[in-house]
There are 2 protein chains.
Amino acid sequence: MSRFQKKTPVWEGISRALTADIAEGRYTPGDKLPTEAELSARFGVNRHTVRHALKDMAETGLVHARRGSGVYVAQRPTDYPIGKRVRFHRNLQQAGRLPAKETLSIETRAADQREAEALHLNKGDPVHVYEGLSLADGQPIVMFRSAFPAERYPDLLEHLTFSKSVTAALKACGVEDYTRASTRLTAKRATTTQALHLRIREGDPILRSVGINVDANRVPTEYGVSWFAGDRVTLTLSDPE
Amino acid sequence: MSRFQKKTPVWEGISRALTADIAEGRYTPGDKLPTEAELSARFGVNRHTVRHALKDMAETGLVHARRGSGVYVAQRPTDYPIGKRVRFHRNLQQAGRLPAKETLSIETRAADQREAEALHLNKGDPVHVYEGLSLADGQPIVMFRSAFPAERYPDLLEHLTFSKSVTAALKACGVEDYTRASTRLTAKRATTTQALHLRIREGDPILRSVGINVDANRVPTEYGVSWFAGDRVTLTLSDPE
DNA sequence: GTGTATTTGTTCGTATGTATT
DNA sequence: TAATACATACGAACAAATACA
């Protein structure tokens, strides 16, 4: 019977061994695997054979390599629910991940055409513009730029500077609740600045979301554009019940 | 820094810039682009370089040139509403565009892990798989692959071959209505085959949507993956009321 | 910033075993 | 049997991105 047995390739055994290591928690997401040189020594094979195994694992999305740096256990893509209410921190905390926010810039300036249209303003009316970066477990997930009508929320910027939370800042300005009125999604290439902030490569795919939030009276509160790192996030539209 | 700069051809940058202009609505369908002379002045390059970019865009169908007249935008990016019900033909017809569908392949095969999970089957159970291409005004918009439980809808393939309409084929199998239970979105790069079918360039950004449809009893009817050409489509999530 | 070592990515070449024609 | 194609495995060298003193 043994003559009918398939002998499994060496690289496949290595792939399984490393996959088991990850599955059993000896390497956790974000960890760097040993270098190809170390692995080829450990398994007693040529570096190409290790590379074959790693390539196989990369194709299934289990690991990803960074040239000059190493091979890393992939983070599972962050599930980012979008629906009637979009709340970054709560979303991530419920997923058991550590949310963080970095402020890139805060300013008040004249609204451009799109902003004015979305917020029911006239072009040139003042808007507060809040640019920042949201992270999960220290990894940049999404870059955003939100515009708020300045005359309606005069002291929003102070609150934003203090709390970094849009929900809290709006609440301080008298907006008890807000919901997503419309969302438009498309796939783009990362520009140089986006790539820099999201720590991806220029030209990498990003998911651009353009959304309008409204308050309980359906008055627009926020016009926001978000750029999600394509391979780090999956937007989920859950069943509207 | 500059010595690490990418060596992408100048014409490609121009092509991307103009494509972005169109995608973002600065030129709308039927609009005449600036003359080649004006464009070469604006980008500071020779007219031949602009021609190269325009030729590239014409090949993807985004613009078309008329000798002695000018270069015109062939079409606007398609607004594609997704929500509780996703109906390709109806969506496009309401947008005043001409929908079409091309069948790439139809087969029955064993379900893989994901398909089985989504459709509440066991891995290896038979599924009908329908691959195709949807077009608007002759332009490929989205490539899709849908899997249906074969044992639940034995003669679905016949109806699909005949009508090309998923809604009609399911109706013929006794499914009066179906709704979208979940949708997952992410941005990816186009593979070679995707680029070929969607008539874009390899590596161009695409928006991948993974969805599960269920019937009135919330039994899964369809597990579908769609790849939208990023430049040609904007997904719109309308306010769930 | 600069230079150097490290690490992955790519491309040559060599050899062997297996399956197909 | 011979010719061919393909997958596997090893070796060497260099390119490109990164990390670090």
Side-chain angles (χ1 to χ4, degrees), chain A residues 1-23 26-77 100 102 133 135-141 143 188-206 227 229-233, chain B residues 1-10 12-13 16 109 112 187-195 201-205:
Chain A
M1 294 305 165
S2 65
R3 61 198 164 119
F4 292 132
Q5 213 129 35
K6 285 181 194 168
K7 53 170 132 179
T8 61
V10 177
W11 65 263
E12 207 173 323
I14 295 174
S15 178
R16 271 206 278 269
L18 291 175
T19 301
D21 281 349
I22 293 170
R26 283 190 281 282
Y27 302 114
T28 57
D31 278 3
K32 180 165 139 13
L33 293 186
T35 67
E36 294 175 349
E38 285 170 335
L39 286 175
S40 52
R42 164 174 153 193
F43 289 106
V45 298
N46 187 274
R47 181 171 155 240
H48 282 303
T49 310
V50 169
R51 283 182 62 75
H52 194 158
L54 291 173
K55 186 190 168 197
D56 181 64
M57 295 166 71
E59 273 169 8
T60 73
L62 192 60
V63 299
H64 63 97
R66 284 201 4 228
R67 177 178 348 191
S69 177
V71 178
Y72 298 82
V73 180
Q75 306 269 3
R76 67 184 185 287
E102 274 180 22
L133 201 59
L135 308 94
D137 297 337
Q139 205 175 29
I141 293 294
M143 188 180 154
K188 293 289 207 181
R189 282 179 186 277
T191 65
T192 312
T193 35
Q194 288 161 357
L196 195 70
H197 284 127
L198 292 172
R199 299 182 60 83
I200 56 180
R201 272 192 291 277
E202 188 174 339
D204 274 0
I206 54 176
W227 296 272
D231 54 355
R232 301 216 185 107
V233 70
Chain B
M1 296 214 197
S2 60
R3 62 196 165 120
F4 291 129
Q5 207 98 41
K6 293 245 172 82
K7 8 179 177 173
T8 55
V10 177
E12 205 171 339
R16 287 217 192 108
R109 58 159 170 77
D112 68 23
K188 293 282 199 185
R189 282 180 184 280
T191 66
T192 312
T193 37
Q194 287 161 358
R201 276 190 296 275
E202 190 174 339
D204 274 359

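Chain letters run A, B, ... following the sequence lines, proteins first and then strands; every chain starts at 1. No experiment lies behind these values; they were computed from the predicted model shown.
- When atom types are taken as modelled, the side chain of R51(A) and the backbone of E36(A) share no donor-acceptor pair closer than 3.5 angstrom.
- In this structure, CD of E12(A) is placed 15 Å from C1' of dA9(D), rounded to the nearest angstrom.
- OP1 or OP2 of dA19(D) has at least one side-chain nitrogen or oxygen of S69(A) nearer than 4.0 Å.
- Rounding to whole angstrom units, CE of residue M57(A) and C1' of dT8(C) are separated by 16 Å.
- Other residues, nucleotides and ligands contribute only 12 or fewer heavy atoms inside 6.0 Å of the NZ atom of K55(A).
- Partners of H52(A) by ring-ring contact (aromatic ring centres under 6.0 Å, His included), not counting sequence neighbours, listed by chain and number: W11(A).
- Look at NZ on K32(A): it is 10 Å from C1' on dT8(C), rounded to the nearest Å.
- Put simply, the side chain of V45(A) reaches to within 4.5 Å of the side chain of V50(A), judged on heavy atoms.
- We find that NZ of K55(A) is positioned 10 Å from P of dT8(D), with the value rounded to whole Å.
- For the OP1/OP2 pair of dT6(C) and a distance below 4.0 Å, the side-chain nitrogens and oxygens of T35(A) include no atom meeting the criterion.
- Atom CE of M143(A) and atom OG1 of T193(A) lie 5.5 Å apart (nearest 0.5 Å).
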At under 4.0 Å between heavy atoms, which parts of nucleotides 9-17 of chain C does protein reach? Answer with one letter per nucleotide, 5' to 3': B base, S sugar-phosphate only, - none. BBB------

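- Between the CZ atom of F43(A) and the C1' atom of dA9(D) there is a distance of 16 Å, given to the nearest Å.
- Applying side-chain contact (heavy atoms from CB on, under 4.5 Å) to L54(A) and the options T49(A), L62(A), V71(A) leaves one that passes, V71(A).
- Using a 4.0 Å cut-off, no side-chain N or O of N46(A) falls inside it from OP1 or OP2 of dA9(D).
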